[in-house]
Amino acid sequence: MSQTQLTQKRLRPKKGAHTMHAAAIVGWGHTPFGRLDLSLEALIQSAAREALSDAGISGTDVDAVFLGLYNAGLTPDGFCASMVLGADEGLRYTPATRLENACASGSAALYAAMDAIASGRINTALVVGAEKMTALDGAGVTRALGAASYQAEEAGLSFPDIFARFARAYGERYGDPTLAMAHIAAKNHAAAMNNPLAQLKKPLSVEFCATVSEKNPLISDPLKMTDCSLVSDGAAAIVLTRADRASDFRRAVGFRASVQVNDLLPLSAKDMTDFTGPRLAFERAYAQAGVSVADLSFAEVHDCFTIAELLVAEAMGLAPKGQGAEFIIAGGTGRQGRCPTNMSGGLKAKGHPVGATGVSMHVMAARQLCGEAGEMQLPDPKLGLAFNMGGGAVANYVSILERLS
């Protein structure tokens, strides 16, 4: 099979396109994100209890538990799935499994739960994503996160170093992206002001974000501190059940699409000016849902670094390759733009407790679709997208969500 034939095969919609998935979100919980005086176990159980209460069920109604957690030495807890069981006495003896896929560990847990429901093996799942990152010093966190890169070639690189390579490559081909990156940072900080759960509720100007200064030092050229997501503690949780049971709950959010695409791990194997794996995931998700990017009301996307949000905008199809910076500077991803993006503050200002991020994105999207987003609320959203990414565009998860009831 030629490379062209292989690409065409990969782009074909899978069987079952344009149909609703079998699972629905019927409850959620979400701790604040930040430097929290809570243990990993306390974070996990707090989010889990809130999700059960929000869904109006107890632990006895849950058939399986799925925990998204990266860890990699961030805490000494290496065996954590059963920590969830302490959230409710009815959870004891419930099957519990931990999932890890770098910064997409939360989505890995969510998708595993959806697959278990779709298979008919279970009816209802409790999904928790969590991370305790602030127990280590900065060097320790950098080392732990760096383990998610390709050690044979990238050992010793920090993730700011990795995404700085994307930014430099993009700049060499299409022109300096740093002003657009500053617009992304300022937009997401402004959005976080409306999110009471966000870690950093502090507005920053585009000028401040664009300028190297004592308060905004260069981290890895051209990434400044304002281009980098935060070191965070936090957890989020979701109750999933069969979609045909959605009417049993006070409201429910369903999946028009759920797609996972993994790309090769080495950076050397990729075009550093393009998020190829995410692009393929978006294309498959649109085909599965029977929609286009123009149908989206909003998106929560993985802005681990501001250059990532720029590349995601192009991968989503919001702007052609090489034109994302112009689109962003013109406000295309702002609250009044074509596709409001990261109205929660994103990883940049809401925070990025690694294992919690994918679950958090789905909670924020569900709240928007149900009109429960408070000051973050957009007017009458119909379709929301969540994009969670692990590593340098390696593990890519795209969900397209809509309210069912």
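Only a predicted model underlies this, so the values are computations on that prediction, with no experimental measurement involved.
The main-chain N or O of Cys103 is found under 3.5 Å from a side-chain atom of Asn388 such that the two form a donor-acceptor pair. With hydrogens and angles disregarded, a donor-acceptor distance shorter than 3.5 Å links the side chain of Lys132 to the backbone of Leu36. Thr341 places no side-chain N or O within donor-acceptor distance of the main-chain N or O of Ala299, the cut-off being under 3.5 Å. Under a 3.5 Å cut-off, the side chain of Thr142 and the backbone N or O of Gly138 do form a donor-acceptor pair. Side-chain atoms of Ser39 come within 3.5 Å of backbone N or O of Ala42 as a donor-acceptor pair. Tyr286 places no side-chain N or O within donor-acceptor distance of the main-chain N or O of Ala257, the cut-off being under 3.5 Å. Using a distance-only test at 3.5 Å, with no hydrogens or angles considered, a donor-acceptor pair links the side chain of Ser149 to the main chain of Gly146. Between the Asp88 side chain and the Gly59 main chain, a donor and an acceptor come within less than 3.5 Å of each other. Listed for the Arg35 side chain is no donor-acceptor partner under 3.5 Å among the backbone atoms of Thr134. Side-chain atoms of Arg98 do not come within 3.5 Å of backbone N or O of Ala81 as any donor-acceptor pair.
Taking Asp227 as the reference, Lys224 meet the salt bridge (Lys or Arg N to Asp or Glu O under 4.0 Å) condition, with sequence neighbours excluded. Tyr150 pairs by the ring pair (Phe, Tyr, Trp, His ring centres under 6.0 Å) definition with nothing, not counting sequence neighbours. Checked against side chain to side chain donor-acceptor pair (under 3.5 Å), Gln323 has no partners two or more places apart in sequence or in another chain. Here His352 pairs with Thr357 under the side chain to side chain donor-acceptor pair (under 3.5 Å) rule; sequence neighbours left out. Taking the side chain to side chain donor-acceptor pair (under 3.5 Å) definition, one finds that Asn194 meets it with nothing, sequence neighbours left out. Asp137 meets the salt bridge (Lys or Arg N to Asp or Glu O under 4.0 Å) test with no other residue; sequence neighbours excluded. In this view, Asp161 and Ser158, Ser220 satisfy the side chain to side chain donor-acceptor pair (under 3.5 Å) rule, not counting sequence neighbours.
Closest approach of Met193 to Pro203, counting heavy atoms only: SD-CD, 3.5 Å. For the pair Ala237 and Val363, the tightest heavy-atom approach, listed with the atom from each and the gap, is O-CG2, 3.8 Å. Contact detail for Ala325 and Tyr170: the closest heavy-atom pair is N-OH, 4.1 Å. The two residues Gln368 and Leu378 have their closest heavy-atom pair at OE1-N, 2.9 Å. Here the closest non-hydrogen pair linking Pro353 and Asp233 is CB-C, 3.8 Å. The two residues Leu85 and Ala96 have their closest heavy-atom pair at CD2-CB, 4.3 Å.
Taking CG of Leu99 as the reference point, atom CG of Leu110 lies at 10.0 Å (rounded to 0.5 Å). Of the inter-residue distances, the one linking Leu74 atom CG with Leu69 atom CG reads 8.5 Å to the nearest 0.5 angstrom. Put simply, CG on Asp63 and OG1 on Thr94 are 8.0 Å apart, with the number rounded to the nearest 0.5 Å. The line from CG of Asn188 to OG1 of Thr333 is 7.5 Å long, rounded to the nearest 0.5 Å. Summarising the geometry, atom CZ belonging to Arg403 is positioned 4.5 Å from atom SG belonging to Cys370; distances are rounded to the nearest 0.5 Å. Here the NZ-CZ distance, from Lys382 to Arg256, works out to 12.5 Å after rounding to the nearest 0.5 Å.
In this structure the side chain of Asn195 reaches within 4.5 angstrom of the side chain of Met364, judged on heavy atoms. By the 4.5 Å heavy-atom criterion applied to side chains, Leu383 and Ile400 are counted as neighbours. Counting heavy atoms from C-beta outward, Met389 and Val312 have side chains that stay 4.5 Å or more apart. At a threshold of 4.5 Å between non-hydrogen side-chain atoms, the residues Cys80 and Leu67 count as touching. Within the 4.5 Å cutoff, side-chain heavy atoms of Phe298 are placed close to those of Leu369. In this structure the side chain of Asn71 reaches within 4.5 angstrom of the side chain of Glu131, judged on heavy atoms. Looking at Thr276 and Lys270, their side chains never come closer than 4.5 Å, going by heavy atoms from C-beta outward. Using a 4.5 Å cut-off on side-chain heavy atoms (C-beta onward), Lys321 and Asp274 make contact.
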Quick one: side chains of residues 22-34, donor-acceptor pairs under 3.5 Å with protein atoms, not counting sequence neighbours, listed by atom name and distance.
residue, atom, partner, partner atom, Å
His30, NE2, Ser360, OG, 2.8
Thr31, OG1, Ala235, N, 3.0
Thr31, OG1, Ala235, O, 3.3

Enumerate, atom names and distances included, each donor-acceptor pair closer than 3.5 Å involving a side-chain atom of residues 262-269, sequence neighbours excluded.
residue, atom, partner, partner atom, Å
Asn262, OD1, Gln260, NE2, 2.9
Ser268, OG, Glu153, OE1, 2.7
Ser268, OG, Glu153, OE2, 3.4

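A salt bridge is defined here as a Lys NZ or Arg NE, NH1 or NH2 lying under 4.0 Å from an Asp or Glu carboxylate O, and Asp303 with Lys187 fails to meet this definition. Between Lys348 and Glu309 there is no salt bridge, since no side-chain N of the basic residue sits under 4.0 Å from a carboxylate O of the acidic one.
Side-chain polar atoms of Glu314 and Tyr174 form no donor-acceptor pair below 3.5 angstrom. A donor-acceptor contact closer than 3.5 angstrom links the side chains of Ser344 and Glu300.
Evaluation of the side-chain hydrogen bond (donor to acceptor under 3.5 Å, both in side chains) test over residues 201-216, restricted to residues two or more places apart or in two chains, returns Asn216-Thr226. Listed by first and then second residue, the ring pair (Phe, Tyr, Trp, His ring centres under 6.0 Å) pairs involving residues 366-400 are Tyr111-Tyr397, Phe282-Phe387 (not counting sequence neighbours). Listed by first then second residue, pairs satisfying ring pair (Phe, Tyr, Trp, His ring centres under 6.0 Å) with a partner in residues 303-340 read Phe163-Phe305, not counting sequence neighbours.
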Quick one: do Ile307 and Arg168 satisfy side-chain contact (heavy atoms from CB on, under 4.5 Å)? Show the steps, please.
CA-CA 10 Å; Ile307 185 62; Arg168 290 195 297 270; over 6 Å; no

Given side-chain contact (heavy atoms from CB on, under 4.5 Å), test Val239 with Asp54 step by step and report yes or no.
CA-CA 9 Å; Val239 174; Asp54 187 60; over 6 Å; no

For Met83 and Asp77: C-alpha separation, side-chain torsions, deciding distance, then whether side-chain contact (heavy atoms from CB on, under 4.5 Å) applies.
CA-CA 10 Å; Met83 285 182 174; Asp77 305 291; 3.6 Å; yes

Dump the intermediate steps for side-chain contact (heavy atoms from CB on, under 4.5 Å) on Val206 and Leu179, then the final yes or no.
CA-CA 8 Å; Val206 172; Leu179 180 58; 4.0 Å; yes

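For Arg242, the CZ atom sits in a packed shell: over 12 heavy atoms of surrounding residues, nucleotides or ligands are nearer than 6.0 Å.
Tested against Leu126 for a side chain to side chain contact (heavy atoms under 4.5 Å, CB included), the candidates Val62, Ile238, Asp61 yield a single pass: Val62.
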